[in-house]
Amino acid sequence: MDANQLRRAFTGFFVERGHTLVPSSGLIPHHPRAPLFTNAGMNQFLPYLLGEESPPYPRATSVQKCVRIRGKDDDIELIGRDNTHLSLFEMLGNFSFGDYFKADAIPYAWELVTEIFGLDGDRLWITVHVDDDEAADIWHDEVGVPVERIQRMGGDNFWEMGETGPCGPSSEIYYDKGAEYGREGGPLDGDEGRFIEFWNLVFMQYDRQADGKLAALPRRNIDTGAGLERVLSILQGRDSVWDIDVLRPIIGGAESVTGRRYGADADTDVALRILADHGRGMTFLINDGVFPSNEDRGYVLRRIIRRAVRQAFQMDVERLVTPALVAATIEVMADAYPELARNHDFISGVVQREEERFRHTLRAGLVLLDDLVASGTTSISGATAFHLHDTLGFPIELTREIARERGIDVDLAGFESEMDQQRRRAREAATRSDEAGTGAETYRELLDQFGPTEFVGYSEYESKGRVLALVGDELFLDRTPFYAEGGGQVGDTGTIVTDTGRAEVLDTTYALPGLHSHRVRVVEGGLTPGQEATATIDAPRREAIRRNHTGTHILHWALREVLGTHVKQAGSLVAPDRLRFDFSHYGPLAPEELVRVEALANERVLANEPVRAYETTKEEAERIGAIAFFGDKYGEFVRVVEAGGRSVELCGGTHVGALGMIGPITVVSEGSIGANLRRIEALTGEASFARFRRRDDTLNRAAALLRVTPDEVPERIEKALEERRALEHELEQVRRQAAGGDADRLAADAVDGVVVARRDGGSRDDLRELAVALRDRPGMRAVVLGGAPDGGGVTLVAATTKESGLAAYDLIVDAARTVGGGAGKGKNPELSIAGGRDASKLDAALEQARAAAGIGR
Ligand code: ALA
């Protein structure tokens, strides 16, 4: 059986037994309590398991892509070194949501394993939880497994999704590979290499709380998981997952790109397995919207890519290896995951850029280490090793290896303590997901009692409904025209009125999926549960919102047209006054690209094609090429929005009826919001018009001031600026001439080489310049000028020559006091400047200066 046959055999078996085949969800889970990455088949069913939503089917089966590494050294290091660990794996599972339980789940598993897989029942061992007599009895009495091959375990047979969340006792099925693989004694006492665990059946009935306590789930569920790769290695008679058909060909890809042969020596084998595994991991992660970064998921991806590159670097492979690994992965996996092939170019581009950057880092780190060694260091400090690791991304293993070659030490303890500090910081940042759950009780009760809120707001702006509850400032109705914030679109506002009261709705959100919460302020009387209510949304606001929502789809389409289909929505905001769209792309848009995006979008608007929205199955949506909306949708039916003939997306939002209603689409900004992430902001409809009008007004005002037509404004401004420059130049020259002429006249009046005079009107600087120019003329000894400058006040300047023996300060110190100011004894004995307030005393002050200079009358 190969992988494709196994996937079909497993899911086919359960479909025949009334299960709905549900496609794998993405690796980025969306439920607030889900782990960092999808780590089990049950993740996508969290709302059903927790009782937040009623399941659309009682039984399901799936093949789920999973990632369990968190990028820490301890878990990632195992990969390639043993026969089972993988960064990405597929999990086969069957699920019951409050439907069948142990008595059916156990016989199903046995039948599938022995009859469809054809495994010899005598080689199978079973473990159950120590306290689970019921499961042990079913295995023995119903299935017929001899008691000696049913063993009991504690912690190993209690499965939990994470620190908190769904959990329960479990039962595992093991395959005995035979005496040549080690000691007997079953899973409990025998050798791990001999007894291979391959299927875990979880009897899921608890929800682990943040305080560690177990709360009962609303229903008893079944959640099973069989590792596809392990099952294949058993069915294909292989000793390790590396030899099965989903991995061996990728190792082959690693062989060709590195030029090494698998099986030649142990170290090379480990390296080639790491390359193959990480190649698969990076391909799937990028495909699902993770990009290399230094945080969270992006960091895990970055570590995977860099570990792979490091293997190649250490094997002296110069050429880029990651694009080849991506290609090998896609070749093998695209049958089961066709979207990989569609995203091939994009995935390749991302890994290639990351590999190029990291190779650069590796070379820089080597240079730094070589310099250290050349400087005669005998030990590399913990701080240096951490700097290399953390800032440069240069791995500690390489630092150690190079140090060893050069015969010097690395302070590993110091490095570890720096790492500990960093881990603490990381942990503090990661506790976020454990804080959900307040008020959830009431919401769940409302949902259980009344079912999901009936949303009529696609077609009605006003509707009658019944008040179900008023909890704090949250009002719940059985049916409502109010759109609850979701898919980037903001919630509606408006009013809810009953016979006895009136409330303003300030916002609408989902309290739980399917349950609309209206945040209200009661402005008149009171509203009570059971009353009939008229709910009315703010229609003009909604009109603006729907223009922006359809506008967002059209811009999304136009961006893909201009930049390529790798452009993926990464978030959006659809508000009444503007729209914002975040998307994956590797660089800034050129101005002409932006102009084309805007022009293409507006072409669609003018074409005025109708917008159609309808519900259909996921399969059908995929067939017509609908672009999946950011985030997975639960449930089988999806809503497709066709905005004209070109844009097809899955979307639950509210839209215009025809593209012309959007009005002009105006892009107002485009910029980066993170690694490989861009944000575009735009306006539509009235907001676009308001912007045109504002700009037009501004231009008209400018034109009126310049006495030209608006079209002539830029040219006129250019000309005015030119004229101004010329005038300034001219003015400067006139000033200089005037100052020269004035200096001539003053010099002629000198008495005994001394000039004391008054000059009003100029600036303080003018006065100083004139004084200095005058003093520097032949025969001059000292100059004192006083003036009342344009800005008010009084200025006194004294300038003397060295030969005169006169100190400038002495000449004006008294005069300055007279005009109500003071002179500071500056550093320069030949120049002194003083300020004062009283211009009426200036002439008297200048008399004093004359006396001080010895030319007084
Ligand atoms: N969720 C269970 C597991 O992952 C089946 O083992």
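We count ligands from 1, going down the list as the structure has it; atoms in each ligand are counted the same way.
Contacts between Arg68 and ligand 1 below 4.0 angstrom, taking non-hydrogen atoms only, involve the side chain exclusively. Contacts between Met161 and ligand 1 below 4.0 angstrom, taking non-hydrogen atoms only, are absent altogether. Of all the heavy atoms of Val202, the ones lying under 4.0 Å from any atom of ligand 1 belong exclusively to the side chain.
Counting atoms of ligand 1 from 1 in the listed order, those under 4.0 Å from a heavy atom of Asn200 are 3 (C), 5 (C), 6 (O). Atoms of ligand 1 found under 4.0 Å from any heavy atom of Ala40, numbered from 1 in the order shown, are 1 (N), 4 (O). Listed by number with element, the atoms of ligand 1 under 4.0 angstrom from any heavy atom of Gly225 are 5 (C). With ligand atoms numbered from 1 in the order given, ligand 1 contributes 5 (C) to contacts under 4.0 Å with heavy atoms of Thr224.
Using a 4.0 Å cut-off between charged nitrogen and carboxylate oxygen, Asp207 and Arg33 count as a salt-bridge pair. One finds a salt bridge joining Lys65 and Glu339 here, because a Lys/Arg side-chain nitrogen approaches an Asp/Glu carboxylate oxygen to under 4.0 Å. Under the 4.0 Å criterion applied to side-chain N and carboxylate O atoms, Glu77 and Arg307 are assigned as salt-bridge partners.
Atom 1 (N) of ligand 1 has as its closest protein heavy atom Asp223 OD2, 2.7 Å.
Using modelled atom types and a 3.5 Å distance limit, the side chains of Gln151 and Tyr174 yield no donor-acceptor pair. In the model, Tyr48 has no side-chain atom that pairs as donor or acceptor with a side-chain atom of Asn221 under 3.5 Å. Between the side chains of Arg273 and Tyr262, at least one donor N or O lies within less than 3.5 Å of an accepting N or O. Side chains of Glu52 and His31: a donor-acceptor N/O pair is present below 3.5 angstrom, by distance only.
In this structure, Met91 is part of the shell of residues with a heavy atom less than 4.0 angstrom from ligand 1.
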